[in-house]
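Chain naming here is simple, since letters A, B, ... match the order of the sequence lines and numbering starts at 1 in each.
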Amino acid sequence: MSLVFNEDQLMLQESARSFCREQAPVAVLRNMRDTKDALGFPKSLWQSMVDLGWAGMAIPEVYGGFEFGYSGLGIVLEETGRTLVPTPLVSTILLSATAINLAGSDAQKTTLLPAIAAGESIVAFALEEGAFHNPAHVSLSAVKTAEGYELNGVKKFVLDAAAADHFVVVARSSGYAGDTNGISLFLLDSKTPGILVQPLSMVDSRSAANVSFDKVNVPAGALLGIEGAGWPALERTLDIGRIGLSAEMLGSIQEVFERTVEYLKQRTQFGVQIGAFQALQHRAALMYSEIELCKSLVRKALSELDRGDDAQDIPALASMCKAKLCEVSALISNEGVQMHGGIGMTDEFDLGFFLKRARVAQQMLGDVLFHRDRYASLRGF
Amino acid sequence: MSLVFNEDQLMLQESARSFCREQAPVAVLRNMRDTKDALGFPKSLWQSMVDLGWAGMAIPEVYGGFEFGYSGLGIVLEETGRTLVPTPLVSTILLSATAINLAGSDAQKTTLLPAIAAGESIVAFALEEGAFHNPAHVSLSAVKTAEGYELNGVKKFVLDAAAADHFVVVARSSGYAGDTNGISLFLLDSKTPGILVQPLSMVDSRSAANVSFDKVNVPAGALLGIEGAGWPALERTLDIGRIGLSAEMLGSIQEVFERTVEYLKQRTQFGVQIGAFQALQHRAALMYSEIELCKSLVRKALSELDRGDDAQDIPALASMCKAKLCEVSALISNEGVQMHGGIGMTDEFDLGFFLKRARVAQQMLGDVLFHRDRYASLRGF
Amino acid sequence: MTDLDSFREDTRAWLEENCPASMRTPAAEDEVVWGGRNAVYKHPDSRIWLDRMAAKGWTCPTWPAEYGGGGLDKAQSLILAEEMQRIGARPPLMSFGISMLGPVLLEMATHEQKLEHIPKIVRGEIRWCQGYSEPGAGSDLAGLGTKAILDGDHYLINGSKIWTSYADKADWIFCLVRTDFEVPKHSGISFILFDMQTPGVSTKPIKLISGNSVFCETFFDDVRVPARNVIGSLNDGWTIAKRLLQHERTMISGFGLSSGRNSRGGLGGSLEQTAMTYRGDTDKLSDPVLRDQIAQFKIDSEAFAFTSQRSAQEAKLSKGPNATSSMLKNYGCELNKRRFELLLQAAGTQALGWESLTADASDFAPEELSVAREWLRSKGNSIEGGTYEVQLNVIAKRVLGLPDMTTMLVKQ
Amino acid sequence: MTDLDSFREDTRAWLEENCPASMRTPAAEDEVVWGGRNAVYKHPDSRIWLDRMAAKGWTCPTWPAEYGGGGLDKAQSLILAEEMQRIGARPPLMSFGISMLGPVLLEMATHEQKLEHIPKIVRGEIRWCQGYSEPGAGSDLAGLGTKAILDGDHYLINGSKIWTSYADKADWIFCLVRTDFEVPKHSGISFILFDMQTPGVSTKPIKLISGNSVFCETFFDDVRVPARNVIGSLNDGWTIAKRLLQHERTMISGFGLSSGRNSRGGLGGSLEQTAMTYRGDTDKLSDPVLRDQIAQFKIDSEAFAFTSQRSAQEAKLSKGPNATSSMLKNYGCELNKRRFELLLQAAGTQALGWESLTADASDFAPEELSVAREWLRSKGNSIEGGTYEVQLNVIAKRVLGLPDMTTMLVKQ
């Protein structure tokens, strides 16, 4: 299996990089923050990305996608990570579209996937209920009614909820928090009565919300997959999300590292470029080494995903990616600020945005300890 | 409470240092190893130390000791750590004498403590039963008989067993491995029938043995303290052992560090002293900082021990010492070899002895993970 | 009864009578009294408390009574501190005048200079800021370019400073300026004091990644300062600057000292309590690896506190700050940074809020928000007051005696 | 059926017929075949296996058939490796001739030189050692002082080398010597080959902290070597040396590659299995913090293996070793060191034995003893073949393009 990009992939990388540098530099996120934009991403910018095919990259052709594969989507995510572009790529494309594609009926797919690929629909993924990623620990209840189900409970930290026209909701139809049995997925209109979206202001200036479900009645057709058996699709969805998020983190990490190395070459102190100081050189060399490992993991996981039904070891690869990327993301974001000195501490400089985003991305979909623990279990120890 | 040495302590440090440098350099341990000495320490050397009062330093005056306090004993241990002197200080003085003093009857104390202080008796401490320190996990059984007790079981990694005339044995008189209730201490003659000492060859070239007890019958008077209630005395004994061992480790750490800094100043490469290379400088500075913390912990714990009945927080201090010293000992022993380059890898050079001793000392009486876990429990989390 | 016993008795009685009950609780961040011409007393009692303490000179207990200080000896000042701690009394005044400038003035200034400045520091009448770093200079402090040119009995000062803490709120500045341009860079620097209201002085706050702006850029445009405001010998300012940096390091290393305590960090309880609370644990923290990391952190914090004690004891024996100040500064800062990283892990996404959008803080509690802000702020600890890297250089060279490659380079 | 398919079929059949059953198991350390004049074949079948493979040139599958190699292309050699792996066949021959000298000779030597040396490497007839480091030189390889002075058609060589692996068992040496004393140190070095039986060559094993002696000091006292034994241009040996060091790094980084596998490290099972066995655990390792550390180690090992693959794929695209070799060498070595430290933790005091004193190894099992020895040996990984520090310098300067302070110094 190839871990280096082919011609097509190199072209995609090149075009995504130019697009992000030119159309979506860090200034875009800064502006969203400073204007306290409610949506969370610039609509026209997202439409341009949709026009480039980014929304449909991993959606099957029959549902309006382009089937360019997860490697392609990963390349795009890496580039958006380099300039911290706020997009619904994680919420809608990586998580919700994947869940619909894996678990949905043909009708559900036909209704939503083409709309997603065309940029007409934003679907938020409502999973977490506490301050830590804990997918089996769902307790939002789905109780069967005459017409369908009634949902009651609260979801926290739901990405892009403000912009969403639909939600994928992870609910419990039987059993107790912690059980993997009894988890059901629902796909519902965000305007369904009883849903209250309470926006959050997070350090990374991306859009998230707490969403409460108070006697929310949905028809039987809102069920995504089989009642009580949502776990396998949820797990795979999350693994794809973790790998994609790792790709985004990889982009941010590389950007911070490259900016830092550049700064080491330019900045002089005591009459020499600070990059000539061996202690900084060695720290830079160690960071470089760790980043090379991150690259390999992300590429390996993405290309494994693209083998479709032959894909192997996805859960372990996803946990390896997320664990390692969390670790290196913490390292690089801290070293980036430290090596830049005072200027890195100023809001005027972009570095702080990367530091803030790093910690949110580290928590999202499981932190380093969660994934090392999961990896150890998957490897039988 | 003073964390700096007073005049008396400085004099003791000075005299202990000269003695070890002159009478007991690393060459002594090397010679023990190369001649495969069965006893584990040079008898005449030990007698010289006894003559200096080292054996009686922490033994009450009424039992023939000098009551110079644990700070004094710690100073001596630190200096023996600097040249890796093989002595029964840990086995006999720190552990066995302490246990006898804490738990023994007046008769037991009168019989053995003066003999220990005079260098006439070596008492080994038989505790461990597996490859990891686990003091509550005792299963060597002590069953009551008409005349006293019968002991059955195996003790591993017993220090100075070959030279010992007596053993303190940690046994289980009721309950199960893991219970702190039901642990009893015994003090018995090493010649008691049924005891088999099987010497071990360890990487640190110090004396240790596996000792099996096969239907070993001891009189009721061999019981040290109250049957089944040995845990508190055992815990305090071990904590004193851990603090004293930390002092020894502190000496070794400082010695390796100082030799390494000296080497950095002497060795030239590419036309400059390698100590001028900033990456090595920073690593040395970080090591220095960690060693300063180690010093403070060890001194704090030793002087707290010397407050006798007023002593506070000893268990936590013991675990802090051992945890931190294990961590820093690993760091310094590895960096010492790395910074010395090829010469550090040769047996002819002393550094390897420190590396080997470091790992054995790290395991002894609980490794870093054991003590961080214990510390967290003691601090209520 | 010894003299000290009776001093303790008197002090206790005086505090009992004079320390308002409201001043016996920890001060919220916005209640801290910094003094100065535009002093803010959010709590009215804090003014009373300051005035009473200042009248006795107890804002600066060990400074000479001649200059308004308390005139206490070491033992007495310890008793005062203990007695204040006993009732939980707040420090009446926080100021760079007390922690940094004052000790240096007492050591290096003339009698007249002391008479002019010290009493106002003691009474909190003048708030000081520090003009050291310059844009582009960073760790290379001695490479400063702010010029002071003698013009009669005044200096004409031109240039700019950066990272001046609270320059926009300060009344006076203590400042490093270049007074000789012909000599090696460390040799031509002078240490000078002037009023921030002097024409030509302007300030501009710097917004930090934490959203706060405690630092400023400060600009000097033909600022006229009396020549008698130079402290110490002309062109010998570097000596004073180094002395003052030692005091600053000692102050900053205090971050680490308090980082082991339970009361800091925004979230009510200790680090381990926070981790347990957010996980719903009661006896034992359920994440064993985080538990190990917190244990390691706390052990280091306790060991660091013992080391600070030991260092203070050693300094007392040898008189004056000792070689460990660089090590303490660095370790303290790293501990503080570690603490906040662990707090983020302890509280998960709840520690990643930027502001509350709800009236009842049902999204993020104020303590949670302050964790995020203080976490970001903590990243500066290892940059300000001599960077992490510079401190390691100092340890390597001054403490360990390793050879200096930069000197070899500069010699080129 | 494609050509490659039929090649695979033929290869499989040939191996089936020619690889003795005993050669389809992992070789114990003392069963590895190093070849040479005094070759030791502890297992008699290993000689048969070597001869058969050498006859086909498959000890060096991709080397030209003209010099005795297998003449296979990349794809074919991959198939051969896969087919050997499929049946668990041992490598028939280990040698520095194959892994280090051969590739350089093929690239830089004359036809005559290749004809003289390559076939003997392929057949394992000559065992080679490497004469690079010198006492006192360490990382400063180019500062070497061994002299070669031309005397007619011979060089007269005087000096000494250190860290020569297996010099006491080797037949020939490839050696760096100084042939020009008037030029900067990198410029006057030549790369020369000679027989270790030449009069004036002597060796002395160095005992290591692990108790083993794989390295020697090697002394040259008026050793006469034919001038035609110089490889490449006279005084241009540094170019060859650097090339060869890249091959060495690639070989050493293999330590890390195998460190993720289950079969290495002395104790039968994997690292995690060992930790569980010694604790009596069945499903899950009971020490959660050690479990986390092992997970971190294994993730890094797997990521490292993917990185080696990716680097090989990139090298294939760009032809020739690439910039990552320093990084792979270092990371691989650090992984190996971490692995052994974790093994010590996994097995506690049972991994700290030096030798067994009992007939039945009831004190320490042989696997336990080998953990301790290999742990000690692993400390050398980051010293040999270019130290950890030198590799980081190389990454910083060559890969990241950071400026070189030592050059500034040397320019003085």
List the steps and the verdict of side-chain contact (heavy atoms from CB on, under 4.5 Å) for Arg310(C) and Lys295(B).
CA-CA 10 Å; Arg310(C) 183 165 64 85; Lys295(B) 268 191 213 169; 3.7 Å; yes
Going through the checks in order, is the side-chain contact (heavy atoms from CB on, under 4.5 Å) test met by Ser289(B) and Ile395(C)?
CA-CA 9 Å; Ser289(B) 309; Ile395(C) 296 170; 4.1 Å; yes
Contact leader toward chain C among Glu290(B), Glu327(B), Arg299(B), Met320(B), where contacts are heavy-atom pairs under 4.5 Å:
Met320(B)
Name the option with the most non-hydrogen atom pairs under 4.5 Å to chain B; the candidates are Leu285(C), Thr282(C), Asp300(C), Ile294(C).
Asp300(C)
Rounded to the nearest 0.5 Å, how far does CG of Leu286(B) lie from CG of Asn330(C)?
8.0 Å
Within the 3.5 Å criterion, strictly below it, is a donor on Glu292(B) or Tyr331(C) matched to an acceptor on the partner's side chain?
no
Heavy-atom distance under 4.5 Å to chain C: side chain of Phe257(B), backbone, both or neither?
side chain
With Tyr132(C), which residues qualify under ring-ring contact (aromatic ring centres under 6.0 Å, His included), at least two apart?
none
If only side-chain N and O atoms count, and only distance matters, is there a donor-acceptor pair under 3.5 Å linking Gln278(B) with Glu389(C)?
no
Best-contacting candidate, Ala396(C), Ala295(C), Ala275(C), Pro288(C), against chain B by heavy atom pairs under 4.5 angstrom
Ala295(C)
Interchain contact, Asp283(C) with chain B, by part (heavy-atom threshold 4.5 Å):
backbone
Non-neighbouring partners of Arg279(C) that pass side chain to side chain donor-acceptor pair (under 3.5 Å), sequence neighbours left out:
none
Counting only heavy atoms not in Phe5(B), do more than 12 fall under 6.0 Å of its CZ?
yes
Could you have a look at Lys284(C), Glu334(C), Gln296(C), Gln391(C) and say which one has the most heavy-atom pairs with chain B under 4.5 angstrom?
Gln296(C)
Between side-chain atoms of residues 130-137 of chain B and protein atoms elsewhere (two or more places apart, or another chain), which donor-acceptor pairs fall under 3.5 Å?
residue   : atom : partner   : partner atom : Å
His133(B) : ND1  : Glu128(B) : OE2          : 2.5
His133(B) : NE2  : Arg242(B) : NH2          : 2.7

What's the separation between atom CE in Met287(B) and atom CG in Leu400(C), rounded to the nearest 0.5 Å?
9.0 Å
Rounded to the nearest 0.5 Å, how far apart are CZ of Phe306(C) and OG of Ser303(B)?
9.0 Å
Pair Lys300(B) + Glu302(C), salt bridge at N-O below 4.0 Å
no
CG/Asp310(B): more than 12 non-hydrogen atoms of other groups inside 6.0 Å:
yes
Just by distance, do the side chain of Gln281(B) and the backbone of Pro403(C) share a donor-acceptor pair under 3.5 Å?
yes
Leu280(B) versus chain C, heavy atoms under 4.5 Å apart: side chain, backbone, both or neither?
neither
Sort Val399(C) into side chain, backbone, both or neither according to what part of it lies under 4.5 angstrom from a heavy atom of chain B.
side chain
Quick one, Leu297(B) with Phe304(C), criterion side-chain contact (heavy atoms from CB on, under 4.5 Å). Give me CA distance, side-chain angles, the key distance, then yes/no.
CA-CA 9 Å; Leu297(B) 273 175; Phe304(C) 178 74; over 6 Å; no
By residue number, those in residues 365-381 of chain B with heavy atoms under 4.5 Å from heavy atoms of chain C are Leu369(B), Arg372(B), Asp373(B), Tyr375(B), Ala376(B), Ser377(B), Arg379(B), Gly380(B), Phe381(B)
Calculate, to the nearest 0.5 Å, the distance between atoms NE2 and CG belonging to His282(B) and Leu402(C) respectively.
10.5 Å
Minimum side-chain heavy-atom gap Met327(C)-Ile291(B) below 4.5 Å
no
CG of Leu3(B) to CD of Gln313(C), rounded to nearest 0.5 Å, is 4.5 Å
Around atom CZ of Arg21(B), are there more than 12 heavy atoms of other residues, nucleotides or ligands at under 6.0 Å?
yes
